[in-house]
Amino acid sequence: MMSFRLQIILVVILLAALAVIIAMLKKRTLDLKYVLVWLFCLIVLLIFSIFPGTMTKLARFIGIYSPVNMIFFLGFLLAVTIIFTLTVSLSRTTGKVRKLAQMMALENDTWEKDKKEAGTGAGVNADHEQAHEELHLQ
C-alpha cells in the first residue's frame with residue numbers, strides 16, 4: 001500500500017503537470033491531438049494515485065499478482081500509445097513535406113520555362129523572379 005504522504009506528493013505533481021499541459025494548449029504550444037494522449041495518461045495516473053486500491057484490483061483482474069508489475073505494465077502501454085501517436089504524426093508530416101517539395105519543384109520548373117519564353121527583364125517576370133529568389137532565401 002502507498003503511504004498518504006506519497007499519495008499527496010503524486011497528486012500534486014500530476015496536477016502541476018496537468019496545469020502545465022493545459023497552459024501549453026491554451027498558448028497553442030501543443031496541438032490538441034497530442035495533448036489528448038497525455039491527458040489520458042495523467043488522468044489514469046491520477047486515479048491510481050488517489051485510489052491505489054483500484055490498481056491492485058485491476059492487476060488481480062488482469063492476472064498480474066504484484067501491483068508493482070502492474071505499474072510497469074501500464075507504463076509500457078502508455079509509452080507504446082504515445083510512441084504510436086507520434087509515429088502517425090511523423091508519417092503525416094513526412095507526406096506533407098514530400099507533397100510540398102513536389103509542388104515547389106513543379107513551380108520552379110514552370111518559373112524556369114516562363115523565364116526562358118519571355119526573356120529576362122520583363123516587368124511581370126521581374127516580380128516573379130524576385131518572389132522566386134525570396135522563396136529560395138527562406
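On a predicted model such as this, the values are computed, not experimentally measured, just so you know.
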Heavy-atom check, side chain of M24 versus side chain of V20, under 4.5 Å: yes
Verify same cluster id: L32, L18 (apolar side-chain graph, 4.5 Å): yes
Over all atoms of both residues, closest heavy-atom pair of Q7 and P52: NE2-CD, 3.1 Å
Approximate separation, where rounding is to 0.5 Å, of K96 NZ and S91 OG: 12.0 Å
For the student: nearest non-hydrogen atoms of L30 and L25, plus distance: O-CD1, 3.6 Å
Cluster check F84, L86: I/L/V/M/F/W/Y, side chain < 4.5 angstrom: no
Spacing of CH2 belonging to W38 relative to OG1 belonging to T81, to within rounding of 0.5 Å: 10.5 Å
Passing candidate, side-chain contact (heavy atoms from CB on, under 4.5 Å) with L58, options T54, I62, T56: I62
Common cluster, V12/L39, ILVMFWY with side-chain heavy-atom separation under 4.5 Å: no
Step-by-step side chain to side chain contact (heavy atoms under 4.5 Å, CB included) determination, F40 to L78: CA-CA 9 Å; F40 173 74; L78 295 176; 4.1 Å; yes
Residue pair M103 / E107, side-chain heavy-atom distance below 4.5 Å: no
Exam field: side chain S89 to backbone T85, donor-acceptor pair closer than 3.5 Å: no
Intermediate values then yes/no, side chain to side chain contact (heavy atoms under 4.5 Å, CB included), L46 and L42: CA-CA 6 Å; L46 196 58; L42 282 174; 6.0 Å; no
Inter-residue atom distance L45.CG - M55.CE, 0.5 Å rounding: 9.0 Å
Interatomic spacing from CD1 in I50 to CD1 in I8 - rounded to 0.5 Å: 9.0 Å
Test item: L74 and F48 side chains (from C-beta on) under 4.5 Å apart, heavy atoms: yes
Between NZ on residue K57 and CZ on residue F51, distance to nearest 0.5 Å: 10.5 Å
I64-V44 co-clustered via ILVMFWY side chain contacts under 4.5 Å: yes
Trace of the side chain to side chain contact (heavy atoms under 4.5 Å, CB included) decision for M104 with N108: CA-CA 6 Å; M104 286 182 64; N108 190 24; over 6 Å; no
Spacing of CD1 belonging to I82 relative to OG1 belonging to T87, to within rounding of 0.5 Å: 11.5 Å
Common cluster, I21/V11, ILVMFWY with side-chain heavy-atom separation under 4.5 Å: yes
